[in-house]
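Chain naming here is simple, since letters A, B, ... match the order of the sequence lines and numbering starts at 1 in each.
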Number of protein chains: 2
Amino acid sequence: MHQSGKTSFQDVRDEVIHRIQSGIWPQGTLLPTEVELAEEFGCARATVNRALRELAENGVVDRKRKSGTRVNTAPVKQAKIEIAIVRHSVEEQNAIYRYALVHKEITAIPPWLAAQLDLPITHKVMYLKCMHYADNRPYQFEERWVNIDAVPTILDADLVETGPNEWLLSVVPFTDAQINFCAVGADADLSEFLSTPTGTPVFQLERTTWLQNKPVTFVRMTYHPGYRMSTSY
Amino acid sequence: MHQSGKTSFQDVRDEVIHRIQSGIWPQGTLLPTEVELAEEFGCARATVNRALRELAENGVVDRKRKSGTRVNTAPVKQAKIEIAIVRHSVEEQNAIYRYALVHKEITAIPPWLAAQLDLPITHKVMYLKCMHYADNRPYQFEERWVNIDAVPTILDADLVETGPNEWLLSVVPFTDAQINFCAVGADADLSEFLSTPTGTPVFQLERTTWLQNKPVTFVRMTYHPGYRMSTSY
DNA sequence: GAGTGGTCTAGACCACCAG
DNA sequence: TGGTGGTCTAGACCACTCA
């Protein structure tokens, strides 16, 4: 790569990272200006700019006009969690995926959800319960409410073969989402579907999605006991 | 903003997003080339490039040389979780933060951790237990093992005033981390420190950090019952 | 007011890869 | 082998913000 003799923005980025990690530029240090760095590295200012901009996006440095670029004192580390389709998660573990639709009805929106989504309590939603299995063992219990107004075509969807998870993702691109993680004790439903005693600690993930300020769906996914969600950065 | 009459890369990005969301460019569509888009928007190719590059980074489109730019069929949505200092999380809720060091000893590394970090079982570590309170109510119990080899200065650190969490973050920048989330039932320690009955479901986060392939610390943080971690995208 | 980053331009060359 | 994105350049002007 980059043997063309020119200094690439990646070279600049890597050198800056190196100087920070090796202690040449400790936390809080004010870096030279873009012009100065461009001179030192023998490249255009735009090249330095792109390198530093990327580092700023990653939280490594903090940039302010007039003040300059500073090594971040408390780097806000971010872990990325991929929102995968359940089937893919299961298949990644080389397990056989199976899906089952447990319950499906059109009903009035529950009051707590109406409040949460800012919808009138007379609103109609589709209420679904599904199970996802890995090698025929309970993997995830999915409880979902879909805003029929936002996704009228769901009324004609066959949700027996393909789960609402995959169906929605392939049909309705959403723009915003809000996610919660928590630990709860298994209630009657969870106990039955996840084959575990009532009260067993289980990991739960709730997600609300919107399509341009219009609520699309709220889903509560509960994983089998012992499930661990992992990520790295 | 941008009233200078020139087309900004953000204008291009937003217009592309709009065309995708409004169905003008459905999933899988091959976009015009950068040159064509630059002509249409009346801007330089570099401007279009930056806009499309950003969309590619976010997984909205897929770019390949020669093939061109294509609207992504299965956008990989990612949620970002910020790894904050506990004190900041508490203070963000306008609660009063209090920290207490509960236990501190130099000991041999536990076998399970030695295996996990790929260290010899004769290795010495500092083992710590701490509590974090919000408005004097249990917020988080922290159990931590620190690799003394990687951070020898911790032997002289006063961990009574400042928790190891903040001390390490300010002194030892790490380069890689691996995180696990899960739900567990409170054991004796957790029950006591979090003031909750044994077996109560609690949310647990484990993090291992490395500094250039050298393990630095492994920490297990358990939150008070009812805690919810949230994020959005 | 002046210094610093933020961005756009017009042009150039390069690297990759499908046909 | 040609088309497409990837990147660098040199210069310019703008916008924010600190002193």
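- Atom C1' of nucleotide D:dG5 and atom CD of B:E54 are separated by 17 Å, given to the nearest angstrom.
- The distance from atom CZ of B:R70 to atom P of C:dA18 is 11 Å, rounded to the nearest whole Å.
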- CA sep, side-chain torsions, deciding dist, call: A:W112, A:L117, side-chain contact (heavy atoms from CB on, under 4.5 Å): CA-CA 9 Å; A:W112 58 270; A:L117 300 184; over 6 Å; no
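- For B:Q10 and C:dT7, the shortest distance from a side-chain N or O to OP1 or OP2 is below 4.0 Å.
- A distance of 11.5 Å separates OG1 of B:T29 from CG of B:N72, quoted to the nearest 0.5 Å.
- Salt-bridge formation is detected for the pair A:E34/A:R63: a Lys NZ or Arg NE/NH1/NH2 atom is positioned less than 4.0 Å from an Asp or Glu carboxylate oxygen.
- Looking at which nucleotide of DNA chain D each of B:V35 and A:A44 is closest to, the 5′-most match is held by B:V35.
- Between B:L37 atom CG and C:dT9 atom C1' the separation is 17 Å, expressed in whole Å.
- The residues A:E40 and A:R19 are annotated as salt-bridged, a charged nitrogen and a carboxylate oxygen being separated by less than 4.0 angstrom.
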- Message: side-chain contact (heavy atoms from CB on, under 4.5 Å) for B:V151 and B:L168? Distances and angles first, verdict last.
- Response: CA-CA 9 Å; B:V151 202; B:L168 283 168; 4.2 Å; yes
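- Side-chain N/O atoms of B:D156 and B:T153 include no donor and acceptor closer than 3.5 Å.
- Residues B:T47 and B:C43 approach most closely at CB-SG, 3.9 Å, considering heavy atoms.
- Listed pair B:R53 / D:dG5 fails the phosphate criterion, with no side-chain N or O lying under 4.0 Å from OP1 or OP2.
- Residues A:Q178 and A:T208 bring no donor and acceptor atom of their side chains to less than 3.5 Å of each other.
- One can place CZ of B:F9 at 18 Å from C1' of D:dG5, the figure rounded to the nearest angstrom.
- Contacts classified as side-chain hydrogen bond (donor to acceptor under 3.5 Å, both in side chains) and involving residues 137-146 of chain A (residues at least two apart or in different chains) are given here: A:Y127-A:E143, A:H132-A:E142, A:Q140-A:Y223, A:E142-A:R144, A:R144-A:T217.
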Can you tabulate the close N/O pairs, meaning under 3.5 Å, that link protein atoms to atoms of nucleotides 11-13 of chain C?
residue : atom : partner : partner atom : Å
C:dA12  : N6   : B:R45   : NH2          : 3.0

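- Atom CG in B:L30 sits about 17 Å away from atom P in C:dC17, given to the nearest Å.
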Give me, pair by pair, the N or O atoms of the protein and of nucleotides 1-4 of chain C that are less than 3.5 Å apart, along with how far apart they are.
residue : atom : partner : partner atom : Å
C:dG3   : O4'  : A:K66   : NZ           : 3.4
C:dT4   : O2   : A:K66   : N            : 3.4

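- A:N49 has its CG atom 15 Å from the P atom of C:dT9, to the nearest Å.
- Here the P atom of nucleotide C:dC8 and the CG atom of B:L52 are 13 Å apart, to the nearest Å.
- The distance between atom CG of A:L31 and atom C1' of C:dG5, rounded to the nearest whole Å, is 13 Å.
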